A.B. asks: 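For reference, the structure I am asking about is given below.
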Amino acid sequence: MATNIKKKSILDFRRMMAQGEKIVYLTGYDYLTAKYEERAGVDMILVGDSLGNVILGYDSTYPVTMEDMLIHCKAVRRGAPNTFIVGDMPFMSYQISDQEAVENAGRFCKDARMDCVKLEGVTDSCISRIRAINDAGMLVMGHIGLTPQFGAQMGGNRAQGKSCDAALKLVEAAKKIEEAGACSILVEGVPAVVGKAITEQANIPILGIGAGSYTHGQLLIFADMVGYFDDFTPKFVKKYGDVGGELLRAFTAYAEEVRSGAFPDDAIHSYKIDPAEAAALEQALQS
Ligand code: KIV
């Protein structure tokens, strides 16, 4: 079911940034969740490679493939036809060359109808990939700070920019990413003062997840904030629901009722037959 919501564009996000209007950003991975996010008026949805942890049950994002991402991006697009959606480029979909990065970004935009792609990293090759994707006419969002695809090199998924030197490197990286043509930057897992410094120096919308309150918008993983994913919960997550608790309650009640015979109740949950047809059936079965 399409909503009457008007899809926002990069121009809307620039205007919101200029007017100090916060951008609401949430991850989504499937048709149903995306439908509710669009109904709730979420400004931007990220089909993140956190899909690996949240939906596919991996212990990291490394195993996620382009095919996994495209299936879920298409489902999210069907659920939220009027929302700006960002497709997250999975590990090894952009690392090898500019050409491969442009081809895969093209699959996100052309096959899955994403509005933008996102890629992690601050290295020279990452900057080059951003420039190449932008030159090809697509919107690309940078992702700096805690970048899980560099988790092995970071010694695990831990907060970044905790020293003056490390913080300044992130501010510099954000500038380079902006110069390379990124339409926006996601900053993850940094102290609030670092999120503030990056935001103050930027001319493009800065979105934060665990980066304090100063960024132009906020992202959360939907399954964390509705109390659904409970393998681990980062410090910056606020829970707005208890979906996991509600599922457990419903599944347990269903199991009890099936076992006791309370469900289904034939008077309510069963299809009816004309009494004459029922009598004829009974007679036929007896003969
Ligand atoms: O994959 C994702 O959902 C992300 C966020 C955690 C930043 O990249």
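No experiment lies behind these values; they were computed from the predicted model shown. Atoms within a ligand are numbered from 1 in the order they appear, just like the ligands themselves.
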A.B. asks: Of the choices Ser50, Pro90, Gly28, Gly210, which has the non-hydrogen atom that lies closest to atom 3 (O) of ligand 1?
C.D. replies: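 Shortest heavy-atom distance from atom 3 (O) of ligand 1: Ser50.
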A.B. asks: Heavy-atom contacts with Thr27 under 4.0 Å: which atoms of ligand 1 show up? List them by number with element.
C.D. replies: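 In order of numbering, the contacting atoms are 3 (O).
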A.B. asks: Give the residue, atom name and distance (to 0.1 Å) of the protein heavy atom nearest atom 4 (C) of ligand 1.
C.D. replies: Leu46 CD2, 3.7 Å
A.B. asks: At less than 4.0 angstrom from any non-hydrogen atom of His143, what atoms of ligand 1 do you find?
C.D. replies: 7 (C), 8 (O)
A.B. asks: Output the list of atoms in ligand 1 that are nearer than 4.0 Å to some heavy atom of Ile221, sorted by atom number.
C.D. replies: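 Counting from 1, the qualifying ligand atoms are 6 (C).
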A.B. asks: Return all side-chain donor-acceptor pairs below 3.5 angstrom for residues 276-287, not counting sequence neighbours, or 'none' if the list is empty.
C.D. replies:
| unit_1 | atom_1 | unit_2 | atom_2 | d |
| --- | --- | --- | --- | --- |
| Ser287 | OG | Gln283 | O | 3.4 |
| Ser287 | OG | Ala284 | O | 3.1 |

A.B. asks: Any idea how Phe263 and His269 line up, ring-wise: parallel (<30°), tilted (30 to 60°), or perpendicular (>60°)?
C.D. replies: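 Geometry flag for His269 against Phe263: tilted rings.
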A.B. asks: Have a look at Lys7 and tell me which of Asp115, Ile85, Thr83, Asp43 forms a side-chain contact (heavy atoms from CB on, under 4.5 Å) with it.
C.D. replies: Asp115
A.B. asks: Should the pair Glu246-Arg249 be classified as a salt bridge under the 4.0 Å nitrogen-to-oxygen rule?
C.D. replies: yes
A.B. asks: For ligand 1, note which part of Leu51 has a heavy atom under 4.0 Å away: side chain, backbone, both or neither.
C.D. replies: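 Neither; nothing of Leu51 gets under 4.0 Å from ligand 1.
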A.B. asks: Does Arg129 use its side chain to pair, donor to acceptor, with the backbone of Gln95 at less than 3.5 Å?
C.D. replies: yes
A.B. asks: Hey, does Glu188 come in under 3.5 Å of ligand 1, counting only N/O atoms on both sides?
C.D. replies: no
A.B. asks: Does Thr61 approach ligand 1 within less than 4.0 angstrom via side chain, backbone, both or neither, non-hydrogen atoms only?
C.D. replies: neither
A.B. asks: Using distance alone, decide if ligand 1 has a nitrogen or oxygen within less than 3.5 Å of any nitrogen or oxygen in Asp88.
C.D. replies: yes
A.B. asks: Heavy-atom contacts with Leu186 under 4.0 Å: which atoms of ligand 1 show up? List them by number with element.
C.D. replies: 7 (C)
A.B. asks: Just list the side-chain donor-acceptor pairs under 3.5 Å for residues 219-235, sequence neighbours left out, or say none.
C.D. replies:
none

A.B. asks: Please indicate whether any nitrogen or oxygen in Lys118 is less than 3.5 Å from any nitrogen or oxygen in ligand 1.
C.D. replies: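 Among all N and O atoms of Lys118, at least one is under 3.5 Å from an N or O of ligand 1.
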A.B. asks: Between Arg78 and Asp30, does any NZ, NE, NH1 or NH2 come within less than 4.0 Å of an OD or OE carboxylate oxygen?
C.D. replies: no
